[in-house]
Amino acid sequence: MKSICLIILLLTLFFFINNSNQQLRSYKLSNEVLTKCLNSIKQFDTCSFYKDCLEQIIPCGSKGYAIGYGYKYCSKFFEEYKRGDFDTEYAENWVHGTGLCLQQVLYDKFIKLGQGQTTCDDIIEYAFNSHPACYTNNSYKGNKYSICNIRNIFDIKTVVTTVSAKDLFSMRSFKQILGVAKNCVKDFTGLEDKDYYTY
């Protein structure tokens, strides 16, 4: 009997953990919080938007997008920029444009209106779907930047090796890579119907 109770308890715990990211979360934001979030976007190179805004409003923990991916890789890329790991100004500007774009799309979708309902899974899905567009069609200081136009081999290596193997070879990353490749092919061939996987 004890073993049956233990099995039921473990199954319940497993079900709860696997479904916690699907819990619908409602939120309504004050003007003060909205201002704080908007200011964090203006300081996008600090990556504070992810932990001080998005995660505070819609807490999803270390496995959620804000902390587990957004803040993690935003911080890594800007640390590399500050260390001078990129060889070209183009790659440095791409990092800035991409960092701003990725935070801006999440702000526009989940924060800007000041209220809403969402799940942690919704944030993950929306964020990852925005990656190909931000990687291949972002703007910084009035210029457009795309990963497709990074030609320096050392810059390419820095970009690729920043992402951990576990994240790089995940199914989500594979879908992003296909989206980026599709956008790059369209850029190189000059096709008119540029579908940048817009968000």
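Numbers here simply count residues along the sequence, with the first being 1.
The side-chain heavy atoms of F78 and C47, taken from C-beta on, include a pair separated by under 4.5 Å. Inter-residue side-chain proximity for L100 and D45 is flagged as unmet; no heavy-atom pair is nearer than 4.5 Å. With contacts defined as side-chain heavy-atom distances shorter than 4.5 Å, the pair N183/N137 does not qualify. Side-chain atoms of I67 and Y50, non-hydrogen and from C-beta on, never get closer than 4.5 Å to each other. The closest side-chain heavy-atom distance from E125 to D121 is not below 4.5 Å. Contact check for C148 versus F188: side-chain heavy atoms found under the 4.5 Å cut-off. Two residues are said to be in side-chain contact when any heavy atoms from C-beta on lie closer than 4.5 Å; T118 and Y27 meet this criterion. Proximity of E80 to R83: side-chain heavy atoms (C-beta onward) are separated by under 4.5 Å at one or more points.
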### Task
Mind running ring pair (Phe, Tyr, Trp, His ring centres under 6.0 Å) on Y69 and F128 for me, showing each step along the way?
CA-CA 10 Å; Y69 202 95; F128 275 99; 4.8 Å; yes
### Query
What's the verdict on side chain to side chain donor-acceptor pair (under 3.5 Å) for Q104 and D108, showing C-alpha distance, side-chain angles and the deciding distance?
CA-CA 6 Å; Q104 187 70 57; D108 290 347; 2.9 Å; yes
### Task
Apply side chain to side chain contact (heavy atoms under 4.5 Å, CB included) to the pair Y135 and W94, showing each step before the final yes or no.
CA-CA 8 Å; Y135 294 165; W94 175 80; 4.1 Å; yes
### Task
Tell me, with the steps shown, if C74 and L102 meet side chain to side chain contact (heavy atoms under 4.5 Å, CB included).
CA-CA 9 Å; C74 179; L102 292 171; over 6 Å; no
### Task
Give the C-alpha distance, both sets of side-chain angles, the deciding distance and a yes or no for side chain to side chain donor-acceptor pair (under 3.5 Å) between N152 and T88.
CA-CA 7 Å; N152 181 289; T88 64; 5.6 Å; no
### Query
When you look at I156 and I147, which way does the side chain to side chain contact (heavy atoms under 4.5 Å, CB included) test go after all the steps?
CA-CA 9 Å; I156 293 168; I147 196 169; over 6 Å; no
### Task
Apply side chain to side chain contact (heavy atoms under 4.5 Å, CB included) to the pair C60 and E55, showing each step before the final yes or no.
CA-CA 7 Å; C60 297; E55 180 66 15; 4.2 Å; yes
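Judged by distance alone, the side chain of T98 and the main-chain N or O of V95 form no donor-acceptor pair under 3.5 Å. In this structure a side-chain-to-backbone donor-acceptor pair under 3.5 Å is present from S173 to D167.
Both L38 and I111 sit in one connected hydrophobic cluster of ILVMFWY residues. Membership requires side-chain heavy atoms under 4.5 Å apart, directly or through other members.
For the residue pair Y107 and C37, the shortest heavy atom distance occurs at CE1-CB, 4.0 Å. When all heavy atoms of C53 and S40 are compared, the pair lying nearest together is CB-OG, 4.2 Å. Here the closest non-hydrogen pair linking P132 and G179 is CB-C, 3.9 Å. Scanning all heavy atoms of the two residues, the minimum distance from N138 to G97 falls at OD1-CA, 3.2 Å.
In this structure, CG on L106 lies 13.5 Å from NZ on K112, to the nearest 0.5 angstrom. Between the CG atom in D155 and the CZ atom in F86 there is a gap of 6.5 Å [rounded to 0.5 Å]. To the nearest 0.5 Å, atoms CZ (R25) and CD1 (I57) are separated by 13.0 Å. The line from OG1 of T161 to NZ of K76 is 9.5 Å long, rounded to the nearest 0.5 Å. Between the CD1 atom of I58 and the OG1 atom of T119 there is a distance of 9.5 Å, given to the nearest 0.5 Å. With rounding to the nearest 0.5 Å, the separation of OH in Y73 from NE2 in H131 is 11.0 Å.
Ring to ring, F110 and Y126 are close: their centroids are under 6.0 angstrom apart. The aromatic ring centroids of F174 and F169 lie 6.0 Å or more from each other. Between Y71 and F49, a ring centre-to-centre spacing not shorter than 6.0 Å is recorded. The aromatic ring centres of H96 and Y145 sit 6.0 Å or more apart.
No hydrogens or angles considered: nothing links the side chains of T158 and D85 as a donor-acceptor pair under 3.5 Å.
K157 NZ: 12 or fewer foreign heavy atoms inside a 6.0 Å radius. The number of heavy-atom neighbours closer than 6.0 Å to NZ of K28, taken from other residues, nucleotides and ligands shown, is 12 or below. Annotation: K72, atom NZ; neighbour count of heavy atoms from other residues, nucleotides and ligands within 6.0 Å is above 12.
Its side chain within the 4.5 Å cluster rule, F154 clusters with I153 among the Ile, Leu, Val, Met, Phe, Trp and Tyr residues.
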